[in-house]
Every structure is written in C-alpha cells, then in structure tokens.
2 protein chains.
Amino acid sequence: MADAKARATAAPPTIRDVAELAGVATSTVSRALSNPGRVNRVTRERVEQAAASLNYVPSSQARGLSSGRTNAIALLVPDVTNPFYFDIIRGTQNQLKAAGYTQLLVDTEESAEMEADTLRKMQRTADGFILAASRLTDAQILEAASTQAIVTINRSSANAPTVMIDTPGAVVQALEHLTSLGHSKICYVGGPASSWSNAKRWKTFEDESRERGLITSHVGPFTPKTTSGAAAADAAARTGATACIVFNDLLAIGMLQRLRERGIRVPEDMSIVGCDDIFGADFCNPPLTTIASPIEQAGRVAVSMLLAQLDPLHAGSTRRLAVMPTHLTVRGSTGPAPS
Amino acid sequence: MADAKARATAAPPTIRDVAELAGVATSTVSRALSNPGRVNRVTRERVEQAAASLNYVPSSQARGLSSGRTNAIALLVPDVTNPFYFDIIRGTQNQLKAAGYTQLLVDTEESAEMEADTLRKMQRTADGFILAASRLTDAQILEAASTQAIVTINRSSANAPTVMIDTPGAVVQALEHLTSLGHSKICYVGGPASSWSNAKRWKTFEDESRERGLITSHVGPFTPKTTSGAAAADAAARTGATACIVFNDLLAIGMLQRLRERGIRVPEDMSIVGCDDIFGADFCNPPLTTIASPIEQAGRVAVSMLLAQLDPLHAGSTRRLAVMPTHLTVRGSTGPAPS
DNA sequence: CAACTTTTGGCAAACGCTTGCCGCTTTGGT
DNA sequence: ACCAAAGCGGCAAGCGTTTGCCAAAAGTTG
C-alpha cells in the first residue's frame with residue numbers, strides 16, 4: 001500500500017536535524033562530514049553517529065548551490081547505441097563512482113549543434129565534461145574550454161586535454177598484415193564525414209599506402225551502423241579491392257553480412273579489417289580482424305584528467321594528452337589475397 | 001590558451017541579472033520562464049529577450065533546492081555492459097529528454113546491496129527511479145516505493161508500478177517451435193539466481209514442458225555473460241538434451257562459441273534459443289533464434305509511468321502494470337532434432 | 001459609477017548546505 | 001606563570017531559485 005499514494009510523508013532529515021541530535025551547530029556537522037580534521041575527533045564521531053542514526057544524506061542540490069560544485073560530470077556521446085561508447089561509458093562510470101562523482105550521460109545524436117547546446121545548458125549542472133568523439137569545431141571547443149573543464153576523447157584539439165586512441169599506429173599494423181598476406185588493392189571504407197577520427201584514419205591510410213606502393217581506393221562516408229554495411233559492402237566490392245580497412249566494427253559487421261548474402265566469401269574473396277574491437281567482433285561470422293584498443297581505459301584516463309583539472313591540488317600536473325596504445329587483433333576475416 | 005588556466009573568470013548570469021535587465025523582479029522572471037500564463041505577454045516577452053541576450057540558463061541546483069524537484073531521474077541497471085540494457089538506456093534516455101528530464105545512469109553491479117544503497121543516496125538527487133531487473137526483495141521495494149517514485153522493469157512486484165516483458169508467453173512459443181521440430185529433450189539454461197525474470201522463465205518452462213510431456217532438465221545458475229557460455233554449454237551437453245532454452249542471448253552466444261569448439265554442431269546436434277534479441281544476436285554464428293521483445297519501448301513506457309507518478313495531473317490515471325509483447329524470432333540456431 | 005473580481009507584479013521567506021570570520025579553549029614554549 | 005599560537009566550534013551571510021501572500025491595476029457587472 002505504501003506506494004505512490006502514501007508517499008511524500010516524512011521529509012528526509014536535514015543537516016539541522018543532525019546538528020540538533022548531536023548537540024552542535026550545523027556548521028560543525030558540515031565540517032565533520034566533509035572536512036574531517038577540521039573538528040575534534042570525539043565531536044566528529046558524535047556527529048557521524050547522529051548522522052548515521054538518522055540515515056542522513058546531504059542534499060547534493062544544496063551542497064552544490066553553496067559550494068559551487070555539483071560533483072557530477074557529464075559524458076557526451078554521439079550515440080548511446082553504439083557499442084564502442086559503451087566501453088567508454090563503463091570506464092568513466094567506474095572511475096567517477098570511485099571518485100564520488102555522478103555521471104550524467106547525454107546522447108548528442110551525432111549532432112554538433114546538440115552537443116554545443118548541451119554544453120551550454122549543463123554548464124551549471126556539471127563540474128566538467130567529457131566529450132567522446134566530439135563533432136565540435138576547434139573554435140567551439142576553445143570557447144567551451146574557456147568556461148568549463150573539458151576533456152575530449154578521440155578528438156584532438158590544442159584547446160582541451162585529450163585522450164587519443166592511437167588508431168593510426170594500428171592502421172599501419174593492419175596495412176602490414178594485409179600486405180604480408182599478399183593484398184595490394186586495398187579500400188578504405190569511411191565513417192561519418194564530421195568525424196575527426198575518421199579523417200585521421202583515412203589520412204594515415206593514404207599516406208602509408210602510398211609509401212608502400214599500394215593501390216588504394218576510398219568509399220564513403222557511411223553512417224557507422226551495421227545497417228549501412230550493405231551499401232558499404234557494395235561500394236567496396238565495386239572498387240575491385242581485395243581487402244578493406246573499415247572505419248569501425250559496426251560498419252564492418254554490416255559488410256560481413258552483406259558480402260555473405262552476395263556470395264562474396266570472407267576472407268577468401270575479400271579480407272576485412274574493422275576498428276575498435278567492440279562487443280560482437282569476436283563472435284560475428286567470420287570473427288572480425290580488428291584494431292583493438294583499451295577503450296574502457298580511455299574512459300578512465302579521461303576521468304582522471306578531468307578530475308585533475310578540477311582539483312586545484314593537481315592543477316600543475318595536468319596532462320594535456322594521453323595516447324592509448326592499439327594493436328591489431330587478427331581473427332578470421334582476413335586471409336591471403338585471392339590469386 | 002583560454003583553457004583550464006584562464007577559466008573561472010566570468011560567472012554565469014543569474015536570475016537577478018535577467019530581472020535587472022528586463023526591469024522586473026526576480027519572481028517575475030521566474031514565473032515568465034517556468035510558468036508563462038502567470039504573467040502578461042509583453043512582460044514575458046521582455047523577460048525572454050533579456051534572458052536570451054544574457055544567455056541565461058537557470059541553475060538546476062537552485063531550482064531543485066527551492067522547488068523540491070530535481071528534474072532528473074535515475075536509471076539503475078545491474079550491468080551497463082550488458083547489451084540488453086543498452087536498449088533500455090536508450091529508450092529511457094529518449095523519453096526523458098523529450099520530457100525535459102536528465103537521466104542519471106547507475107550501474108549496480110548485480111548487487112542488491114548496491115542497489116538499495118543507491119536508492120538511499122540518491123533520494124534527494126533524483127525525482128524518481130527506474131529499476132531495471134531489480135535484485136531487491138519485495139520488502140525492499142516496498143520500502144523504497146514508500147518514500148520515492150519508482151517503476152520497475154522486469155521485476156514484478158505489487159509494491160511498485162512495473163513494466164513487464166512477457167517472456168513466459170514467448171517461452172511457450174519457443175517450446176512449440178522446438179517440439180514441432182521434433183525435440184523432446186529440452187534443457188533450460190538458467191541465469192542469475194537472484195534474477196526474478198530467470199525464476200519466471202524457468203517456472204513457465206517447467207510448467208509448459210510438463211504439460212507437453214517433454215523431458216526437461218535444468219542447468220545453472222550462470223552469470224549472464226558470454227564468458228559463462230562455455231560452462232553452460234558443457235553442462236547442457238551433459239544433460240543429453242537436443243535443445244536449450246537459454247536465459248539470455250549473452251549466455252546463448254557464449255554457448256554457441258563453446259559448442260563449436262567442441263564440435264557440437266548447432267543446430268544439427270543441438271538447437272539453441274536465446275532470449276532478448278540483443279545486439280549481436282542476428283550476426284553471431286549461427287544467427288540466434290531468440291525471444292525478441294521491444295526493450296527500448298519498455299524503457300519508454302517505464303518513463304511514462306514514472307512521469308505520470310510524479311505529475312499530480314496524471315495521478316489518477318497511473319497504470320500499475322504494462323506488459324510488453326514478445327515473439328519468437330527464428331534464425332539459424334534452431335533446427336530439426338537429430339534422429 | 002460603485003463594488004467586485006481578475007490579472008499582474010513585487011516582497012520576502014524559505015530550500016539545505018558551505019564557509020569566512022570570530023572568539024573561546026587548550027597547548028606549548030620560555 | 002605568562003603569552004602566542006593552534007585547535008575547535010558557532011554565527012550568519014550567502015548560493016540562485018521558487019512560491020505564498022499581498023497590493024496595485026485593470027476589467028466586469030448591474
């Protein structure tokens with residue numbers, strides 16, 4: 001019975017209740033709880049006991065109002081649906097929880113505008129922001145970073161601390177892997193045009209391929225979803241390439257399906273290399289050779305960098321850039337070039 | 001340059017600034033912005049203009065303090081990593097955003113204790129809670145529901161409004177599917193012991209199997225992760241069953257891998273039916289026959305029910321239970337029983 | 001035109017907490 | 001034993017909103 005109807009009866013205890021029970025002033029309670037060392041041990045213990053017996057939980061609202069800090073940070077991702085971001089979400093969530101912060105998760109729907117808007121709307125709500133694969137321009141990032149603490153993931157910018165995933169490094173590995181298998185006509189299957197990391201991957205691909213004297217092609221842009229895989233596969237097949245390096249695993253998995261439908265065998269007729277090593281890359285058919293990276297760790301590092309920015313203690317030691325290592329995980333989707 | 005170092009200069013405008021600029025009292029600004037109709041139109045427009053020109057964003061903290069509402073709801077999931085919850089997260093996120101609410105995502109790590117703890121700690125932080133696959137006891141839910149707005153997903157309880165996914169209905173479909181394929185020895189592969197929906201599925205399985213005169217077995221409990229699939233597959237194989245209905249797709253996919261390793265062909269030697277139709281179920285090898293449900297929609301419905309609870313306007317019409325339909329999606333992991 | 005009712009805007013009191021400042025006790029040094 | 005310093009707790013002023021109450025202005029009615 002005691003549900004919605006009966007609710008809203010007893011108001012939760014406030015700091016005042018605790019103070020009264022402990023026989024001290026509210027200021028003492030506040031300090032005892034959030035600044036131990038500022039009060040005598042016996043006092044603190046008395047306060048703690050009172051708080052515990054009342055089941056007291058400080059109001060983060062009130063705390064935020066008066067202290068100016070919210071103890072929350074916002075994580076902006078382009079698409080909560082994309083498994084790539086799930087590892088980031090998990091990583092940040094873990095680290096934030098450990099630091100006593102709350103995570104505010106926002107899906108910006110791949111839109112720069114929405115991202116900027118969120119940044120503005122939440123300026124008071126969050127102490128800082130982690131921008132995953134931001135679609136913002138350098139200027140926008142600069143502006144945002146000028147008023148709030150920001151860390152970007154996979155979107156390098158001189159204007160804010162960044163966690164990079166060293167995909168370029170792994171693109172080289174992938175290329176080496178493919179050439180050693182005898183491939184010489186390789187296609188890069190591109191992701192969203194607005195994606196910074198897509199541009200980066202493509203460029204590395206171009207440069208490195210040229211150096212190796214490979215015949216390259218490029219198709220795209222494609223939305224990074226499995227559903228775009230069909231179009232991507234068709235386009236890639238048309239280029240005559242015997243191997244593809246694909247913007248991300250989602251797209252690659254979609255391609256795998258389409259290629260099977262079309263009777264193009266992977267890896268016999270065409271080799272596919274994905275990127276990110278997301279959930280599913282290991283059990284799709286065939287299992288995907290992919291550029292793996294410690295995504296979850298990237299999330300954790302981002303949090304650390306952000307927290308360092310917030311905490312004056314660490315102000316000096318703030319790193320501006322962290323690069324996460326990557327490596328090629330070879331599975332079944334790559335094989336010798338067709339002779 | 002204008003980053004961390006130079007930050008913290010200009011404080012964001014407050015309601016006072018807006019009031020001053022518009023030449024009215026702060027109370028009028030407050031009303032103009034959040035209760036239009038309470039002020040004259042020309043006044044409102046003046047205020048709106050002032051607010052816009054200052055780029056004013058109300059402090060949710062202060063608003064929460066004085067109004068008692070936070071405009072945030074918390075979503076508690078046992079494991080953010082589990083793709084099943086991806087869809088719930090997405091569904092709630094969408095619906096909440098549409099209603100102007102912020103989502104607080106919390107991973108309770110499959111722990112009832114952590115769940116209860118979060119509920120307590122966030123009582124002031126969130127206006128309501130959505131408990132996905134709650135591990136709480138009925139009594140705990142009752143207690144929580146008595147002080148805060150709560151909706152559960154896949155955890156029926158008389159003590160709080162619930163969104164159910166009608167898996168039992170689909171278990172029947174799965175059983176029918178399997179028997180029509182000639183299977184008579186079927187094994188239920190169980191999920192976490194503390195999972196309510198696991199218990200429900202198992203019971204339906206038992207009842208329906210008995211009615212059909214099938215030879216059943218049961219293995220488990222298993223952690224619902226792909227990594228537990230190996231153990232589950234081995235256990236299931238030992239029972240001599242020719243088909244398995246598996247607690248969820250994660251586990252089922254893990255089993256698929258293990259069975260392949262062991263040379264047990266799916267579906268020739270053994271048929272597998274999963275549950276949830278998560279991301280990946282369609283492209284694993286073989287594609288998984290599974291009990292599909294509109295999970296994202298379940299998330300949306302949960303939000304609606306919660307918001308109805310919060311908004312006194314809808315107080316009367318609050319539904320206590322919503323049941324989401326399910327259906328069997330047949331793919332490659334089920335086939336005729338071995339003869 | 002008087003007597004009302006509505007509409008509209010302002011005043012000021014919360015909301016629950018933090019924190020600068022002050023002053024009383026202890027403590028320690030000489 | 002005296003004084004400075006350190007330790008500790010209280011006072012009270014905010015933090016940025018919302019909202020109950022009131023009064024002035026405007027509109028309505030007979």
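All chains are named by letter (A, B, ...) in the order of the sequence lines, taking the proteins before the strands, and each is independently numbered beginning at 1. No experiment lies behind these values; they were computed from the predicted model shown.
Counting 5' to 3', DNA chain D first comes under 4.0 angstrom of a heavy atom of chain A and last does so at the ends given by D:dC8 to D:dT17.
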Show me the donor-acceptor pairs within less than 3.5 Å that the side chains of residues 26-50 of chain B make with the rest of the protein, sequence neighbours left out.
residue	atom	partner	partner atom	Å
B:Ser34	OG	B:Ser30	O	2.8
B:Asn40	OD1	B:Val42	N	2.9
B:Arg46	NH1	B:Ala22	O	2.4

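Ion pairing of B:Glu115 with B:Arg135 is absent here, as no side-chain N (NZ or NE/NH1/NH2) approaches a carboxylate O to less than 4.0 Å.
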Next on the checklist: Under the criterion side chain to side chain contact (heavy atoms under 4.5 Å, CB included), I'd like the reasoning laid out for B:Tyr101 against B:Leu306: C-alpha separation, chi angles, the key distance, then a yes or no.
Outcome noted: CA-CA 12 Å; B:Tyr101 277 73; B:Leu306 188 57; over 6 Å; no

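The list of salt bridge (Lys or Arg N to Asp or Glu O under 4.0 Å) pairs with a residue in residues 148-161 of chain B, not counting sequence neighbours, reads B:Asp138-B:Arg155.
Between the side chain of A:Thr70 and the backbone N or O of A:Thr125 there is at least one donor-acceptor pair closer than 3.5 Å.
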Checklist entry - What does nucleotides 12-19 of chain C look like as a protein-contact string, B for base, S for sugar-phosphate only, - for none, at under 4.0 angstrom between heavy atoms? => result B--BBBBB

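Proximity of A:Met324 to A:Met164: side-chain heavy atoms (C-beta onward) are nowhere separated by under 4.5 Å. Between A:Asn154 and A:Phe84 the shortest side-chain heavy-atom distance falls below 4.5 Å.
Each of A:Thr108, A:Leu105, A:Val106 was checked for a side-chain contact (heavy atoms from CB on, under 4.5 Å) with A:Val77, and the lone residue meeting it is A:Leu105.
Looking at residues 38-48 of chain B, you'll see B:Arg38, B:Val39, B:Asn40, B:Thr43 sit with a heavy atom under 4.0 Å from some atom of DNA chain C.
Listed by chain and residue number, A:Lys97 satisfy the salt bridge (Lys or Arg N to Asp or Glu O under 4.0 Å) test with B:Glu109 (two or more places apart in sequence, or in another chain).
The closest side-chain donor-acceptor pair between B:Thr152 and B:Thr162 falls under 3.5 angstrom.
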